[in-house]
Protein chains: 2
Amino acid sequence: MQNLLSNLKITINEKLYVKDPETSELGLNILKNSILLIDEIGFEAFTFKKLGERIQSNESSIYRYFENKHKLLVYLTSWYWSWMEYRMAFATTNVSNPVEKLEKAIKLVTENIADDNATPHINEGILSRIIVEEFTKTLMTKEVDNENKEGFFLVYKRVINRIIDIIKEVNPNYPFAKSLASNIVEGSLHQHFLKNHLKTITNLSEKECATEFYTDMAKKILL
Amino acid sequence: MQNLLSNLKITINEKLYVKDPETSELGLNILKNSILLIDEIGFEAFTFKKLGERIQSNESSIYRYFENKHKLLVYLTSWYWSWMEYRMAFATTNVSNPVEKLEKAIKLVTENIADDNATPHINEGILSRIIVEEFTKTLMTKEVDNENKEGFFLVYKRVINRIIDIIKEVNPNYPFAKSLASNIVEGSLHQHFLKNHLKTITNLSEKECATEFYTDMAKKILL
DNA sequence: CAAATATAATAGTATTACTATCAAAGTTCA
DNA sequence: TGAACTTTGATAGTAATACTATTATATTTG
């Protein structure tokens, strides 16, 4: 994975940034440390001023890369889903058996993520924690509809569409392929959140992932 | 439902308010109009100042009822889940067949909610929209663990626990009763969100509810 | 070497999320 | 009736946030 991904430049919707952060030292530093800082103090408490202090740079310099912290978060989550899409494409090509393909796809979106060292400036393990704790907040704003039109959530939808296609291959007669796919992806994030914070209403324990639960679900529903 | 509920005083965790809003005109006005205003402009843009202007009262007066807008939102969502719990208890008592009981419970948490006129100061239909758009934000903060210890989310967990119990009645051998229950409740909110904003990744159409999808899911998994 | 570009530093604005104080109005009850 | 208490309103003030604008400085590039 490492070698393949290090050649891959993940492309992000240009409307999400003012200046492409991948093109400079400062930009890469913003990406790297925003992930660490959001993970540490949470997105609400995260500000460009605090990030500036941390990377010994100025608030105003960060504004030259991102209009506001919301767009930075959408950038980071887009990166994550793009990375996920790539891994999914890689894991499912040349798998002829649809059930096996579905199992692999579900595993990818439900498992615990560790840093894969693919990119030095992005720690995928920590980024995945941010996805669990903050991703839905990128959607749940009064600007969703506009931002959706602008294509901010395209990559996320593309990941779900891949799963929808596999579900249809497994069982073309199942009438809720879209809802099942989105339920698995979003539901998995939520189960991870619950295992960390509201442990009494999930079966996942501390270090467990959601793979077993959702694989079982998909198979019972589709087969 | 109407008559029964009008006699019911929904009790909310005392730590959520400074002064019980149900004990005065101003308090009831705060509840009523905060629901309308949050629905209109979204929770991010909602402030006590704007609410004060709307109800022709003063910002400082609202602070005498709620410490901050987050606690007000937790209050409102607690009210909703308490109301839901009551409806669920009512709908499932004296139903001996577990499958039928499960169907009724799933219907309640997945259907579209209309104002039931049970309480003049709370429009349940609009409140349910707030639940869809804002509820997860009450959980996804850096303070979840503390607030969970303080019992802020007890009512929500109680609703899910009722479903867990019914699932166990239906199939005592199913190993993921907790995750299935929390998945249905949270997942249903998410599907409603998707049908409003990201229509391409859900099968629910405009005015449809999530009942059919989740009833089908539960039955295929448990029976 | 000049021009262009990137970053840093500083200052400033409007809004938010409060806290504090004091006055006015209404209510209670002795 | 009138003193005491409660509730609300009005005003002012603070620290932090989320920016924008300007200018200086350093670096790169052609």
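Sequence lines set the chain letters: A, B, ... in the order given, protein chains first and strands last, and positions in each chain run from 1. Predicted model, so just to flag it, every value in this text is computed and none were measured.
- Straight-line distance from the NZ atom of A:K69 to the P atom of D:dT17: 9 Å, rounded to whole Å.
- Note on B:S24: a side-chain N or O is less than 4.0 Å away from OP1 or OP2 of D:dT8.
- Within the structure, a side-chain polar atom (N or O) of B:S61 is placed less than 4.0 Å from OP1 or OP2 of D:dG9.
- Between B:F46 and B:F48, the ring planes lie perpendicular to each other; the angle is over 60°, past the 30° to 60° tilted range.
- In this structure, CG of A:L51 is placed 14 Å from P of C:dT7, rounded to the nearest angstrom.
- In this structure, the OH atom of A:Y63 is 5 Å from the P atom of D:dC19, given to the nearest Å.
- Within the structure, a side-chain polar atom (N or O) of B:K50 is placed less than 4.0 Å from OP1 or OP2 of C:dT16.
- Here the nucleotide nearest the side chain of B:E59, chosen from C:dA9, C:dC18, D:dT7, is C:dC18.
- Across the protein-nucleic acid pair, A:K71 atom NZ and D:dC19 atom P stand 10 Å apart, rounded to whole Å.
- Relative to the side chain of B:L26, the nucleotides D:dT8, C:dT7, D:dT17 differ in distance, and D:dT8 lies closest.
- For the pair B:N68 CG and C:dA17 C1', the computed distance is 9 Å after rounding to whole Å.
- When distances are taken from the side chain of B:K19 to each of D:dG9, D:dT7, C:dT7, the shortest belongs to D:dT7.
- A 4.5 Å side-chain heavy-atom check between B:S179 and A:M217 finds every atom pair outside the cut-off.
- For A:K49 and B:G27, each mapped to the nucleotide of DNA chain D holding its nearest heavy atom, the one lying further toward the 5' end belongs to B:G27.
- Side-chain contact between B:M84 and B:L108 is present, with heavy atoms from C-beta onward closer than 4.5 Å.
- Atoms CZ (B:R64) and C1' (C:dT21) sit 11 Å apart, rounded to a whole Å.
- Atoms CZ (A:F66) and P (D:dT17) sit 20 Å apart, rounded to a whole Å.
- With C:dT16, D:dT8, C:dA8 as the choices, the nucleotide that has an atom nearest any side-chain atom of B:Y65 turns out to be D:dT8.
- Side-chain N or O atoms of A:Y156 include none that pairs as donor or acceptor with a backbone N or O of A:S82 at under 3.5 Å.
- Side chain of A:N58, nearest nucleotide from C:dA9, C:dC18, D:dT8: C:dA9.
- Looking at heavy-atom distances under 4.0 Å, A:S57 makes contact with sugar-phosphate atoms alone, never a base.
- Between the side chains of B:S205 and B:E208, a donor-acceptor pair is found at a separation under 3.5 Å.
- Rounded to a whole Å, the CZ atom of A:F48 is 14 Å from the C1' atom of D:dT20.
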